[in-house]
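Remarks on the structure that follows.
What's counted below: heavy atoms across the whole structure, side chains too, no hydrogens, waters or symmetry copies. Note that the structure is predicted; figures quoted are calculated from it, not measured.
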Amino acid sequence: EFASLIVLALLVWPRAVQADTGVPMIAVMWPWAWTAFLPVCIVETFIAKRLLRLPFVQCVKLTVIANAWSTLIGIPLTWLVLFLVELVAGLGIALIQPRPGLASTLLAPIAAPWLGPSIRPWYIYGAATFLCVPFVLVSIRVERWSVAKHVPSDDARRWARAANLATYIPMIAVLAAKTIASRLASP
C-alpha cells in the first residue's frame, strides 16, 4: 500500500517539461488533408464523371468513399511507415556521423516524417512537400482499390491516377514555392 502511494506521488509530482521533441509531421499533414477533403472530392468527382461516365451522384459517392479511405487510413499508415524508416535510418546515420553539407542535405527527406527540435518554417514546408510524394502514391493505390469494386479495374486505375495527380500536383507546387520563399526570407 505504501509503495503504491509512492509510485502515485512520483507519477503526479510536477516535473520540468521540455518542448524540444520536434514536430511529428502527421500533426501538420493530417489536419491539412481533412481541410482539403471537400475541394479534393469536388475536383476528383468531375474527373470521375469524365473518365468513368457514371451518373454524377454515383461519381460523388465513389469519390467521397475513396478519399475517405485514403485520408483516414492511407495518410496515417504511410506516415507511420516513413517514420519507422526514419528511425532505422537515423540509427544508421548516427553510426556514420556524416558531416554537415551535402550528406545531410541528401538525407533530409528521410527526416521529413518527424522534424527535429530546432526547425525553421521552411523545414515544415519542405517536409510537407516531400511527404506529398509518398502520400499521392498511396492515395492512388487506395482509391483505385476502393473504386475498383464498382467499375472495371483499368477504369479505376486510370481515374485514381488522373484524379490524384490533378489534386496533388498543385498542392506540391504550392508547398515547394512556399518552401523556397520561406527559405529565401529566413536569415
Side-chain angles (χ1 to χ4, degrees), residues 22-89 108-115 119 121-183:
V23 176
M25 285 298 291
I26 190 69
V28 174
M29 298 298 288
W30 209 26
W32 181 67
W34 285 111
T35 302
F37 187 83
L38 184 58
V40 165
C41 285
I42 291 169
V43 170
E44 292 187 8
T45 294
F46 284 103
I47 294 170
K49 180 68 180 138
R50 184 174 53 85
L51 292 180
L52 302 178
R53 295 184 177 92
L54 297 171
F56 186 76
V57 172
Q58 189 174 1
C59 290
V60 170
K61 287 180 187 176
L62 290 176
T63 300
V64 168
I65 291 168
N67 277 281
W69 277 111
S70 67
T71 306
L72 186 64
I73 304 296
I75 288 175
L77 286 180
T78 303
W79 177 85
L80 181 61
V81 168
L82 293 171
F83 175 62
L84 294 174
V85 168
E86 179 182 4
L87 287 177
V88 171
I110 294 171
W114 195 304
L115 300 177
I119 59 170
W122 70 271
Y123 290 4
I124 294 173
Y125 294 129
T129 305
F130 171 77
L131 288 171
C132 280
V133 174
F135 288 168
V136 71
L137 296 174
V138 170
S139 290
I140 289 170
R141 297 204 73 159
V142 169
E143 292 176 26
R144 180 188 71 193
W145 164 82
S146 177
V147 171
K149 297 174 187 177
H150 307 281
V151 300
S153 183
D154 285 344
D155 291 344
R157 181 185 42 75
R158 192 171 53 253
W159 168 79
R161 183 179 303 140
N164 278 281
L165 291 177
T167 53
Y168 267 98
I169 287 175
M171 289 188 261
I172 291 170
V174 167
L175 286 168
K178 288 185 79 66
T179 302
I180 293 166
S182 181
R183 174 63 181 112

Which atom names give the shortest non-hydrogen contact between [X] and [Y], and what distance separates them?
{"X": "L131", "Y": "M29", "value": "CD1-CG, 4.0 Å"}
{"X": "A160", "Y": "I140", "value": "CB-O, 3.5 Å"}
{"X": "P170", "Y": "L165", "value": "CD-O, 4.0 Å"}
{"X": "A66", "Y": "S146", "value": "CA-OG, 3.6 Å"}
{"X": "L62", "Y": "V147", "value": "O-CG2, 4.1 Å"}
{"X": "A176", "Y": "T129", "value": "N-OG1, 3.4 Å"}

Between [atom1] of [X] and [atom2] of [Y], what distance do you get to the nearest 0.5 Å?
{"X": "E143", "Y": "T71", "atom1": "CD", "atom2": "OG1", "result": "7.0 Å"}
{"X": "I73", "Y": "T78", "atom1": "CD1", "atom2": "OG1", "result": "10.5 Å"}
{"X": "K49", "Y": "T63", "atom1": "NZ", "atom2": "OG1", "result": "11.5 Å"}
{"X": "R53", "Y": "Q58", "atom1": "CZ", "atom2": "CD", "result": "14.5 Å"}
{"X": "L54", "Y": "D155", "atom1": "CG", "atom2": "CG", "result": "8.5 Å"}
{"X": "I26", "Y": "I75", "atom1": "CD1", "atom2": "CD1", "result": "7.0 Å"}

Pairs flagged by ring-ring contact (aromatic ring centres under 6.0 Å, His included) wherever residues 40-82 is involved - sequence neighbours left out: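 Applying ring-ring contact (aromatic ring centres under 6.0 Å, His included) to every pair that reaches into residues 40-82, excluding sequence neighbours, yields F46-F56, W69-W145, W79-F83.
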If you define the side chain from C-beta out and look only at heavy atoms, does anything of [X] sit under 4.5 Å from [Y]?
{"X": "P121", "Y": "K178", "result": "no"}
{"X": "N164", "Y": "E44", "result": "yes"}
{"X": "M171", "Y": "V40", "result": "yes"}

Stepwise side-chain contact (heavy atoms from CB on, under 4.5 Å) test for V81 and L77: CA-CA 6 Å; V81 168; L77 286 180; 5.6 Å; no
V174 and Y125: CA distance, side-chain angles, deciding distance, side-chain contact (heavy atoms from CB on, under 4.5 Å) verdict: CA-CA 9 Å; V174 167; Y125 294 129; over 6 Å; no
side-chain contact (heavy atoms from CB on, under 4.5 Å) between I180 and R183, intermediate numbers included: CA-CA 5 Å; I180 293 166; R183 174 63 181 112; 5.7 Å; no
Evaluation steps, side-chain contact (heavy atoms from CB on, under 4.5 Å), between R158 and L52: CA-CA 9 Å; R158 192 171 53 253; L52 302 178; over 6 Å; no
Results of side-chain hydrogen bond (donor to acceptor under 3.5 Å, both in side chains) for R141 - residues two or more places apart only: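 By the side-chain hydrogen bond (donor to acceptor under 3.5 Å, both in side chains) rule, R141 matches no residue at all.
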